[in-house]
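One is the number of the first residue; the rest follow in order along the sequence.
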Amino acid sequence: MGLFNRTKTTDAGTAGTAVTTAPAASDLSHLTGEYTVDPTHSEIGFSVRHAMVTTVRGQFAEYEGALHLDGSNPHLSTAELVIKVASIDTNQAQRDEHLRTGDFFDAPAFPEITFRSTDAERLGEDSYRMTGDLTIKGTTRPVTLDLAYNGSAKDLYGNERVGFEGTAKIDRTDWGLNYNAALETGGVLIGEQVKLRFDISAIKGA
């Protein structure tokens, strides 16, 4: 995910100057390095239609992620994410327990969901697209993420951070998540299309 073209900086010569955004530059080498996803300032979530009329939203509380950013050659950047299935949270305990069973994720047999990037491209000033392999329940299939760059900055503790948001749409049945139930009024209980969302803050290593 070395896909970034903007840096937030402060004017050291003027006291009290707010953080500003520098113009886009062709030299992105300052972003090159290894980054670790900070789960305390990130979120990995999803949403799916329920009973044909509403949307259920959830997230995963436990995950690890690593990025290699190459500012000079963004297409050489890589990303990897490992999510703990048992940490799923839809704000309803009974539903969460059902999602952990063999009807859905089968967390005891397949405790992790993984994403490993295979390619990336820049679409616009702050928009990018990343493709990769998503593995759920033992099945690996390609998925495409649309990314929006949120900036880079140094935090109060001296950590260099990058931030971005990502979205993707998948058909859960492609990964063997086939459980459903018919409704008396027509249609099904759970939609097949799932919207994934990523709000990521990553810290640069020393």
Do Lys137 and Trp175 pass the side chain to side chain contact (heavy atoms under 4.5 Å, CB included) test, and can you show the C-alpha distance, the side-chain angles, and the key distance before you say yes or no?
CA-CA 7 Å; Lys137 206 174 181 180; Trp175 282 266; 5.8 Å; no

Let me check something: do Ile190 and Ile136 share a hydrophobic cluster, defined by ILVMFWY side-chain heavy atoms less than 4.5 Å apart, either directly or through other members?
yes

If we ignore angles and hydrogens, is there a donor and acceptor under 3.5 Å between the side chains of Arg49 and Thr55?
yes

Any pair with a residue in residues 157-169 that passes salt bridge (Lys or Arg N to Asp or Glu O under 4.0 Å), sequence neighbours left out, goes on the list, sorted by first then second residue, please.
Asp38-Arg161, Asp155-Arg161

Evaluate the criterion side chain to side chain contact (heavy atoms under 4.5 Å, CB included) for residue pair Phe115 and Val143; output intermediate values, then yes/no.
CA-CA 9 Å; Phe115 172 79; Val143 66; 3.6 Å; yes

What closest approach, in Å, do Asp199 and Asn150 show between heavy atoms, and which atom pair accounts for it?
OD1-ND2, 4.4 Å

Parallel, tilted or perpendicular: ring planes of Phe60 versus Phe46, cut at 30 and 60 degrees
tilted

Are Val82 and Ile203 connected into the same hydrophobic cluster when the rule is that any two of I, L, V, M, F, W, Y join if their side-chain heavy atoms are below 4.5 Å apart?
no

Shortest non-hydrogen pair, Ala79 vs Met130, comes out as CB-SD, 4.0 Å

So, does Thr90 use its side chain to make a donor-acceptor pair with the main chain of Arg57 at under 3.5 Å?
no

I want to check something: taking the side chain as every heavy atom from C-beta on, are Phe110 and Val85 in contact at a cut-off of under 4.5 Å?
no

Does either side chain, that of Asp103 or that of His98, offer a donor lying less than 3.5 Å from an acceptor on the other one?
yes

Less than 4.5 Å apart, side chain to side chain, heavy atoms only: is that true for Ile44 and Ile83?
yes

Are Phe164 and Leu67 close enough that some pair of their side-chain heavy atoms sits under 4.5 Å apart?
yes

Under 4.5 Å between any side-chain heavy atoms of Ile113 and Tyr63, yes or no?
no

Any chance you could measure Asn178, atom CG, to Thr173, atom OG1, to the nearest 0.5 Å?
6.0 Å

Take Met52 and Leu183 through the test side chain to side chain contact (heavy atoms under 4.5 Å, CB included) and record every step on the way to the result.
CA-CA 9 Å; Met52 307 296 291; Leu183 300 174; 3.7 Å; yes

Quick one: OH on Tyr128 to CG on Leu123, what's the gap to the nearest 0.5 Å?
9.0 Å

Count the heavy atoms of every other residue, nucleotide or ligand shown that sit under 6.0 Å from NZ of Lys84, and state whether that count exceeds 12.
no

Got a donor-acceptor contact below 3.5 angstrom from the Arg100 side chain to the Ile88 backbone?
yes

Kindly compute the distance separating CD1 (Ile200) from NE2 (His41), expressed to the nearest 0.5 Å.
13.0 Å

Greater than 12 external heavy atoms within 6.0 Å of Glu64's CD
no

Here the pair of heavy atoms bringing Thr101 nearest to Glu97 is CG2-O, 3.1 Å

4.5 Å side-chain heavy-atom contact, Leu81 and Thr114:
no

Here the gap from Ser87 atom OG to Glu112 atom CD, rounded to the nearest 0.5 Å, amounts to 10.5 Å

Mind listing the closest non-hydrogen atom pair of Pro39 and Val37 along with its distance?
CD-O, 3.1 Å

How close do Ser117 and Thr78 get, heavy atom to heavy atom, and via which atoms?
OG-CA, 3.4 Å

In Å, rounded to the nearest 0.5 Å, how long is the span from CD of Glu192 to CG of Asp174?
9.0 Å

Quick one: does His50's side chain get under 4.5 Å of Leu189's, heavy atoms only?
yes

Treat each ILVMFWY residue as a node, draw an edge where side-chain heavy atoms are under 4.5 Å apart, and state whether Leu76 and Leu147 are in one component.
no

Please lay out, stage by stage, how Asp133 and Arg116 fare under the test salt bridge (Lys or Arg N to Asp or Glu O under 4.0 Å).
CA-CA 5 Å; Asp133 293 328; Arg116 292 180 173 86; over 6 Å; no

Which atoms form the tightest heavy-atom contact between Leu69 and Leu31, and what is the distance?
CB-O, 3.5 Å

Check for me, please, whether Leu145 and Val194 land in the same ILVMFWY cluster - side-chain distances under 4.5 Å, paths through other members count.
yes

Joint cluster assignment, Leu196 & Leu177, ILVMFWY side-chain distance < 4.5 Å
yes

Kindly indicate, with the supporting measurements, whether the criterion ring-ring contact (aromatic ring centres under 6.0 Å, His included) is fulfilled by Phe104 and Tyr179.
CA-CA 7 Å; Phe104 290 97; Tyr179 177 87; 5.1 Å; yes

Quick one: CD on Gln59 to CZ on Arg197, what's the gap to the nearest 0.5 Å?
6.5 Å

